[in-house]
Structures are given as C-alpha cells and as structure tokens.
2 protein chains.
Amino acid sequence: MANIQQVAKQAGVSVATVSRVLNGQNKVASKTKQKVEEAIKELNYEPSMLGRNLRNSESRIMLILIPTISNPFYFEIIKGIENMALSQNYSILLCETDSKPEKEDIYFDLVRKKMADGIISMDPAVNIETLRELAEKYAIIQCSEYGGGIGIPYVTIDSEEASYRAVKHLIQIGHRKIALMNSDEKFSYARERKAGYVRALAEYGIPVIDDYILYTQQLGFEYGQQAMKKILALPDRPTAVFAVSDLLAIGALKELNAAGIHVPNDMAVVGFDKIDFSNMTNPTLTTIAQPMYKMGTIAAQMLIDLLRGEQVDSVVLEHELIIRESTSG
Amino acid sequence: MANIQQVAKQAGVSVATVSRVLNGQNKVASKTKQKVEEAIKELNYEPSMLGRNLRNSESRIMLILIPTISNPFYFEIIKGIENMALSQNYSILLCETDSKPEKEDIYFDLVRKKMADGIISMDPAVNIETLRELAEKYAIIQCSEYGGGIGIPYVTIDSEEASYRAVKHLIQIGHRKIALMNSDEKFSYARERKAGYVRALAEYGIPVIDDYILYTQQLGFEYGQQAMKKILALPDRPTAVFAVSDLLAIGALKELNAAGIHVPNDMAVVGFDKIDFSNMTNPTLTTIAQPMYKMGTIAAQMLIDLLRGEQVDSVVLEHELIIRESTSG
DNA sequence: ATGAAAAATGAAATCGATTACATTTTCATA
DNA sequence: TATGAAAATGTAATCGATTTCATTTTTCAT
C-alpha cells in the first residue's frame, strides 16, 4: 500500500507537489502533473484519509442519531441526508440509540473523539441537556424532533398544525368522539400533536375526554394493537382514532380487522408520516405526509453549513393531509 | 480542545506515560496514573481517534453495503451487526448502494482510502469481480446474498432449500398451479429460490410453466402489485403464488384485495423474510423466517476475525417456514 | 550499603497527509 | 544578456496519537 512519499520518489518530485496534484487547486506544471499521475497509477496509490483527516482535523463523517431503524419514517430522511452528504464528500454514521442514554453516549463519544464532525439528531428521547452542552462545542442539527429554545437549529414540520388538520378532517366528516393514540409526552412531537388535537376539538366545542387519549410506550405495530384493544373496551366507544404515527395506526387497523369492525364505517383512522406501507393496508391509511427526503437534505446542508462556521437558521417545512380509504368509505 | 501533549505537561509526565494510562495495558505507577487522570479530568481531555487511527493504521469502522434501506429485511441484520461491532469498538457506516455501481464505487473508495477497515456486503447487485479484487487486499464478508466460489466468506441461509419447502407446503395443501414471483436472476438468491421451486414441482411431477414465473426489477410493494396484475391476467390462472420477498408478497396481497380475490381460498400466497409487516397484513402472510439478527452478529464477528488475520469459514444458518393465514384459511 | 534485576518513565520516530514559507526555475522585458 | 516578477517546486513543521528503545528509578537480596 503505497503512501505519498513513495509516489513522490517514483515521480521524482517532493511530497508537496504530489499533494498539490492530488488536491488540484494549486498550480503544478502540466509536465510535472503528468509524471505524478503516472506514478500514482503505477503504484496504485490511494491517498489515506487517516493522514489527511488528522492533518485537517476533520473526519468528514456525520453522525445520524435515530431512535430505531425499524420505523420506515426515517428511510427517506436518511436517503436525503445521505445524498446531500455524499455530494459534499461526507459519509454518514447511522446510529440507533434505542432511545437509551447509554447508547446515545457511545455515539456522542465519537464526536468528542473527533471520529465524527457533527450530529444530526432525530432522536426524540435524546437528553436535551446533554445535547445542549454538546452543541456548545460541536455542530449539531435537530431533524424532525427537536427541543426548542435551546439554541440548536432544527428542521421540522409544524406538528401542532398537522395534528390540528388531521383531527379537523375527522370532525368535518362527522366524527365527534375522536380518540388520540399518542406516544409519551416527554417527546415534543407528542406534546405538539396533542395540542393540535385539543385545539381542533375546542374549535368545534367538543370536550376533551381523558379516556380518549392513550399513550403508548413506543412506536410500533404491537403498541398500536394494544392501544386499540383498550379503545375498543371503552364503555362509550369513539368513532375515530388519530394516531401520531403510521405504525400505531397500522397496528390499530389490524386490531380493528381482527375485531370485525369496519373501517371507516364503524371507526375511522388517521395516521402520521405516510410511510410506504400505509398504502398497502386494507383499507389504505389516511395520513399526514411530511417532506422527508427534503427534510433530510436540508438537515445535512444545515450541518455542513454549521461545520463551515456559517450561521444557520431553523426551518419549518410544509406537510400535507393525505386522505385515503380509512376515513372515506 | 486539549491534546495529549497538554495533558502530559499538566500532569508533569511524558506523552508516553499519558498514552499508557489511556490504554491501560502498560504498567504505570499508581501515583503517576492518578496524576494523569486528574490532568485528563481537569482539561476535559478526550483522545482523538484521528491521531490514534493514523498511528494504528485502522479506522475501526466497518462498511455495510445494502441495496436499499427501504427493505425492512435488513433491519434486524443491521441491528445484529451494530451490536456486535459496538461491543468490539467498531462503528458502522451504513451505505445504500441503490444497486448502482457508481455508488458502490464511492463506498469502496472509503475502504481503499482507509476510512473503513472492512466491508460486510449484503448487496446482491454488487459487481462480483470488483468484490473479488477488493477482497485480495481488504477484509470482506458477504451476508445473506453471496457469490460462491470466489473465496469471500459468507453467512447466509440455504435459499434453495427454503424455497423448496415453501413450494412443497403449497403443493401439500393442494395447489398444483403455483406461480413464482422472482426477482432478477442476476442475483444468486433469485437463482437459488427458483431452483428450489423447480425441485419441489419436479418432486411432485408438476411441470414448470414459463408463464408462471415472473421477474420483477426490484423488491418493493409496487413491483409485487404489478406482477400480481400480470398473474391475474393469465389465461390459466394459478391458485398460489410464492414470492421471493415479503415486499413483493405484500404488494401481491394488496392487488388481490383490490381485485376482490380471496386469500387463501382463491389464491394462496407465500412470502420470504418474515418482516414485521408480514404479520400486519390481512390476511397475515405465510413466509420464511431467517435468523436475521444472528446473521448480523455472525457477519460482524467474521469481519472482525478477518481483520485480526484469522481464518474464517462461511456459515449457513437455519431457516423456518412460518405458516399463517395466507395459506391456511 | 551495594548491585543487579525489575519497574517506571521519557525521548524520539512514526503513521500519511497538508501547507507555510523558502528556494529555484521560467520567461518576458529592458 | 541581465534582471526581476511570476510560477513552480521543495523543505520542514504539523496534526495527535502509539510504541520502540534508552534511560532512570525502585526494589530487594546479599
């Protein structure tokens, strides 16, 4: 495995010249350049990023923190991040935290140890205080989920408004007994989506019934199924459910199917995220679409800007209510 | 951001001593050790992996090549890899190739440039010749999908046998007109699964009908839907379908649903992979389960062994036919 | 107290690149 | 042809760790 010294020797020039050829910017006489390129080819030389990175004090790696890889919601975001990163010569380290602080810390260490230049955090469970401290020394962007007011730039959608629209849609098609299948309120998105739910109900003078609001520990089919079981056991059963995640909604649909309850006639269902699978269910799922790919590219661009020392501002992207069979027989 | 020099100065020792304290192995007087540790704490020192990696000529990063992140089949494998990697102080760089050689090459470059120590390839589209060449100089493990006979260790299941069992199951419950929804035969798994299909039919004296074998360009719901449309248009319609991926099978189910064809009564369906979704469909999907998590941990361990210079042998893991509603009314 | 062996520590080379600064070469012009 | 500016190239420091080998300190039996 040749190094730059050997290339220099082979080409009969100094390492500086080889480096200049490598990086293209500086002027090198075309004859010299040719000699160097030949030497590179002959020796099958590939510049080591280890050396380059040390010298440049950068790793050109960005850390992506996600709670779990199992939620397809993250797919498109990751693709967006990856493409933007790649186009600017960054690679991405995908880190699944399982929403556990210990695992989070392992990954934070990678930044502290210069193995990664910055972080795009999508983990709603992230310890916000740790994140804030870290952000003082390192470049961090929040994507999708965020803690406001801590000075870390984020890109997201207006969850409150999206939720409001989803619930309003249910009300407008005639529902008044609407359940909310939420996740833990320690997550900002959970709080916001609840707020939107409450606002929509309030606007139509519908009282908020505590029993209609369920909390799931995690996002996953099973949790949606369980929550739906509880809803079905309610004495005054709701006629509609708004779930804060497609995964929950799909689990709910499954449970409704099993119970022989017709969707949307007996129970309407709305999800959130528009994951691919939400169009494969029977009936297909009404849901909120987020511009995930775009969110990813923007997050990556923001991080790169931040790393360049530029000022970056938070971004709120548009969302869209996608009406499908689960709310329109 | 302190470096080892400053710690040494602060502690009144040499950098060698600090390094020894850092790495624990060498004997350092406990008094000295304490001084150093205090200095580390005072300066908030974190050793830079850039320096360490350059010196050690390793990056402690392993590359995971997957065709697309959108197939949940990879979830558990990735988790397995990640956990094993983490436990041995490796990080994983997740790389989506989209089965495009250009993208593949970008990632291969990371290995050539020492940004990654080795590769776990799960990409069936990977250029096998490139991979073989690369394997001469770098550590590579094939996971799930593999090219045999090129001397690169792999961990996988017996796809031919799994496919044989799936089709045999369909035959045993009474089907004789069985379609195969395959993907491109450039992939080894596609060839093997077809072979298993053919063997099962042959065993029962059922002729192979070319029209019953469909090829999809990719694995994805839409492709399953399209293929099912073609099957439904067949003059002598099959009564069962074996799809080589759950994604295809789920798309097929969707299409059957839309066409008002009852599963399994009018058409039985078998998938492959046992992704989470496969239990959420209506009806639930009969499928082949692979020990994905285990496959991941083994692949990671194999790569680490390879990096250590040890001899590693290929592994074939068990699979299991999971019979659910789509084949048992 | 002495000396040899063992333990602890330090000096300096090394990994492989980039780059500031110094030096040499080129080349147009007087 | 001599001269000076511009262009090309080289020298050597640097990034931040690890590690070999040399040196110093400690330990302990005599």
Side-chain angles (χ1 to χ4, degrees), chain A residues 1-40 43-61 89 109-117 137, chain B residues 1-40 43-61 89 109-117 137:
Chain A
M1 235 67 75
N3 62 17
I4 200 172
Q5 314 283 346
Q6 297 167 32
V7 173
K9 196 171 168 189
Q10 171 94 2
V13 299
S14 74
V15 293
T17 300
V18 176
S19 179
R20 281 189 271 257
V21 171
L22 249 32
N23 295 295
Q25 58 246 37
N26 272 283
K27 51 253 162 157
V28 176
S30 64
K31 214 172 55 184
T32 317
K33 190 173 169 188
Q34 206 178 317
K35 272 194 303 179
V36 171
E37 280 166 348
E38 273 168 26
I40 288 177
L43 295 178
N44 240 303
Y45 167 72
E46 297 271 358
S48 157
M49 307 222 64
L50 296 177
R52 172 178 296 176
N53 288 348
L54 172 59
R55 173 57 213 232
N56 293 346
S57 294
E58 62 169 13
S59 63
R60 295 205 86 78
I61 285 183
N89 260 295
D109 255 6
L110 292 179
V111 181
R112 297 195 191 99
K113 294 187 176 164
K114 309 264 171 48
M115 191 71 250
D117 293 340
K137 300 174 73 177
Chain B
M1 236 65 78
N3 62 18
I4 199 172
Q5 314 283 345
Q6 297 168 33
V7 173
K9 197 171 169 188
Q10 171 95 356
V13 300
S14 75
V15 293
T17 301
V18 177
S19 177
R20 282 189 272 256
V21 171
L22 249 32
N23 295 295
Q25 57 245 37
N26 273 284
K27 51 252 163 158
V28 176
S30 64
K31 215 172 55 185
T32 319
K33 190 174 169 185
Q34 206 177 315
K35 274 194 303 181
V36 171
E37 279 166 349
E38 274 168 25
I40 288 176
L43 295 178
N44 240 305
Y45 168 72
E46 297 270 359
S48 156
M49 307 222 63
L50 296 177
R52 173 177 294 176
N53 287 348
L54 172 59
R55 173 57 214 229
N56 293 346
S57 294
E58 62 170 13
S59 63
R60 293 205 87 78
I61 286 182
N89 259 295
D109 256 5
L110 292 179
V111 181
R112 298 195 189 98
K113 293 185 177 165
K114 309 261 169 51
M115 192 71 250
D117 293 340
K137 299 175 75 179

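These numbers come from the heavy atoms of this one structure, side chains and all, not from hydrogens, waters or symmetry mates. So you know, we letter chains A, B, ... as the sequences are listed, proteins then strands, and number each from 1.
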Does dC15(C) have OP1 or OP2 under 4.0 Å away from a side-chain N or O of N56(B)? no
Nucleotide dT19(D), atom P - distance to CD1 of I4(B) in whole Å: 11 Å
Do V7(A) and L22(A) come within less than 4.5 Å of each other through their side chains, counting heavy atoms only? no
Taking only the side-chain nitrogens and oxygens of R52(A), find out if one of them lies under 4.0 Å from OP1 or OP2 of dT18(C). yes
Just the rounded figure in Å: distance from C1' of dG10(D) to NZ of K9(A). 17 Å
For K31(B) and K114(B), take the nucleotide of DNA chain C holding the closest heavy atom to each; which residue's nucleotide lies nearer the 5' end? K31(B)
Touch check for E46(A), heavy atoms < 4.0 angstrom, all strands: base, sugar-phosphate only, or nothing? sugar-phosphate
Has Q34(A) got more than 12 heavy atoms of other residues, nucleotides or ligands less than 6.0 Å from its CD? no
With hydrogens left out and only the distance checked, is there a donor-acceptor pair under 3.5 Å joining R55(B)'s side chain and the base of dT14(C)? yes
If you take any heavy atom closer than 4.0 Å to DNA chain D, which residues from residues 11-21 of chain A end up in contact? G12(A), V13(A), S14(A), V15(A), A16(A), T17(A), R20(A)
Under 3.5 Å for both donor-acceptor distances, Watson-Crick or wobble: does dT30(D) have a partner, and if so which one? dA1(C)
The reported gap from OG in S59(A) to CD1 in I61(B) (rounded to nearest 0.5 angstrom) is 7.5 Å
Euclidean distance, atom CZ of residue R60(B) to atom P of dT18(D) [Å, nearest integer]: 12 Å
Would you mind reading off the distance between M115(B) atom CE and dC15(C) atom P, rounded to a whole angstrom? 19 Å
Distance, nearest 0.5 Å, that separates CG of N56(B) from CG of D117(B): 10.5 Å
From CG of L22(A) across to C1' of dG16(C) the rounded distance in Å is 11 Å
Between CE of M49(A) and CD of E58(A), what distance do you get to the nearest 0.5 Å? 7.5 Å
I want to check something: taking the side chain as every heavy atom from C-beta on, are V15(B) and S19(B) in contact at a cut-off of under 4.5 Å? no
Please tell me which of the listed nucleotides, dA8(C), dA8(D), dT18(C), lies nearest to the side chain of K27(A)? dA8(D)
Side-chain contact check for T32(B): nearest option of dT9(C), dT18(D), dG16(C) is dT9(C)
Rounding to an integer number of Å, can you tell me how far L43(A) CG sits from dA17(C) P? 12 Å
Just verifying a value: how many Å separate Q10(A) CD and L43(A) CG, rounded to the nearest 0.5 Å? 4.5 Å
Would you indicate, yes or no, if dT18(D) has its OP1 or OP2 atom less than 4.0 angstrom from a side-chain nitrogen or oxygen of N23(B)? yes
Once you round to the nearest 0.5 Å, how far does CZ of R52(B) lie from CD1 of I4(B)? 8.5 Å
Rounded to whole Å, CD of Q6(B) lies from C1' of dA17(D) at a distance of 13 Å
Of A29(B) and S48(A), whose closest DNA chain C nucleotide lies nearer the 5' terminus? A29(B)
When rounded to whole Å, the CG to C1' distance for the pair L54(B) and dT19(D) reads 14 Å
